[in-house]
Amino acid sequence: MKAASLKITTWNINSVRLRLPLVADFLKSQAPDVLCLQETKCRDAEFPMKDLHSLGYEHIAINGQKGYHGVAVISKRPLRFVEKRDFCEKGDARHICVEIDARSGPISLHNFYVPAGGDEPDVDINPKFQHKLDFLDEMRDWIVTEGVARGRVVLVGDLNVAPLEHDVWSHKALLKVVSHTPVEVEKLTAVLQAGAWIDAMRHFVPAEEKLYTWWSYRAADWEASNRGRRLDHILVSEALGGGLKRLDVLRDARSWTRPSDHVPVTIELSD
DNA sequence: ATGGTTGTAGCACAA
């Protein structure tokens, strides 16, 4: 008998090799069908394939590069590699698309790592911020021109923007902080509108409630200060919206030994 | 208001 649901997790792991023990613990305890990682920070040849295979995840698609960025899809179910797109044509490993079979039919799954954008939210002095804005514009155009959100589609990843007022610990304090500036929020909102995507996390948690997926390493006590942001997202196309069953933000993962600064976000969909 | 930490690579830079 097949499972009644399909569990998909997104997690910015901040080095998959360093945190392989955490990934293994997560897969054993939470057993998602599909785990999407960002910031794997290794070349494809260095990716810990065998360890993940032996944990029951035999189907893996990766787009890596040396030291920076890198995305991976790790699956219990068969997947078909579809493409890696080079947004902004810089040769960065920031996207991968696969197709996964659910009982109700195939699902296209896009895994993204959007540029963080540097410290200064000023395109005149900070080219990294310009890159981030260009990347978001290109995502929007691509979604429209290629009809990316038509059919059964899931888009996950570290989008590095916290769009709503309660996606950050203080809306006012973060208006000039990269990740929550009005121009970034406007561009991510345009990405959402371009595909008429459903924000799967906010489907379960009202907009008035605080919701975070990331807490800085720089806080003396991340849990006490709780200055989080919702940088990680799961978007589903309209065709899949009716099948949303459950959300889990694994806040505990931020207290694990040598943690990532991001925690795993899991969605359950009708199979 | 400022500065705080982490990873990779190799003592600088990105996040």
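Chain naming here is simple, since letters A, B, ... match the order of the sequence lines and numbering starts at 1 in each. Given the structure is predicted, the values throughout are model-derived calculations rather than measurements.
The C1' atoms of B:dA15 and B:dG3 are separated by 16 Å, rounded to the nearest whole Å. The same atom, P, is picked in B:dA14 and in B:dG10; the two are 14 Å apart, to the nearest Å. Spacing of C1' atoms, B:dC11 relative to B:dT6, comes out at 15 Å, to the nearest Å. Atom name P, nucleotides B:dG7 and B:dT2: the rounded distance is 28 Å, in whole Å. With both ends at atom C1', the span from B:dG4 to B:dA9 equals 22 Å, rounded to whole Å.
If A:E39 and A:R43 are placed on DNA chain B by their nearest nucleotide, the residue sitting closer to the 5' end is A:R43. Of the two residues contacting DNA chain B, namely A:S216 and A:G118, the nearest-nucleotide position lying further toward the 5' end is that of A:S216.
Applying the 4.0 Å criterion to OP1 and OP2 of B:dA15, one finds that A:R94 has a side-chain N or O inside that range. One finds no side-chain N or O of A:R218 lying less than 4.0 angstrom from the OP1 or OP2 phosphate oxygen of B:dT2. For A:K128 and B:dA14, the shortest distance from a side-chain N or O to OP1 or OP2 is below 4.0 Å.
Following rounding to the nearest Å, A:H262 (NE2) and B:dT6 (C1') show an atom-to-atom distance of 12 Å. Distance, A:K132 NZ to B:dA15 C1': 11 Å, rounded to whole Å. Look at CD on A:E120: it is 17 Å from P on B:dC13, rounded to the nearest Å. When rounded to the nearest whole Å, the span between NZ of A:K66 and C1' of B:dA9 equals 7 Å. Here the P atom of nucleotide B:dA14 and the NE2 atom of A:H131 are 12 Å apart, to the nearest Å. If you measure from atom NZ of A:K41 to atom P of B:dA9, you get 9 Å, rounded to the nearest angstrom. When the P atom of B:dA14 is taken as reference, atom OH of A:Y113 falls 12 Å away, rounded to whole Å. Following rounding to the nearest Å, A:D232 (CG) and B:dA15 (P) show an atom-to-atom distance of 15 Å.
Closest to the side chain of A:Y68, from the set B:dA14, B:dA9, B:dA15, is B:dA14.
Side-chain polar atoms of A:Y57 and A:D51 form no donor-acceptor pair below 3.5 angstrom.
A salt bridge does not link A:D119 to A:K128: none of the charged nitrogens lies less than 4.0 Å from a carboxylate oxygen. By the 4.0 Å N-to-carboxylate-O rule, A:K76 lies too far from A:E58 to be salt-bridged with it. The pair A:D101-A:R77 does not meet the salt-bridge criterion, since no charged nitrogen lies less than 4.0 angstrom from a carboxylate oxygen. Using a 4.0 Å cut-off between a side-chain N of Lys or Arg and a carboxylate O of Asp or Glu, A:E268 and A:K245 do not qualify as a salt bridge.
As judged by a 4.0 angstrom heavy-atom cut-off over every strand, A:R227 is placed among residues making no nucleic acid contact. Within the 4.0 angstrom heavy-atom criterion, only backbone atoms of the sugar-phosphate kind lie near A:H69; the bases stay farther away.
The neighbour count for A:E238 CD, taken as heavy atoms of other residues, nucleotides or ligands under 6.0 Å away, does not exceed 12.
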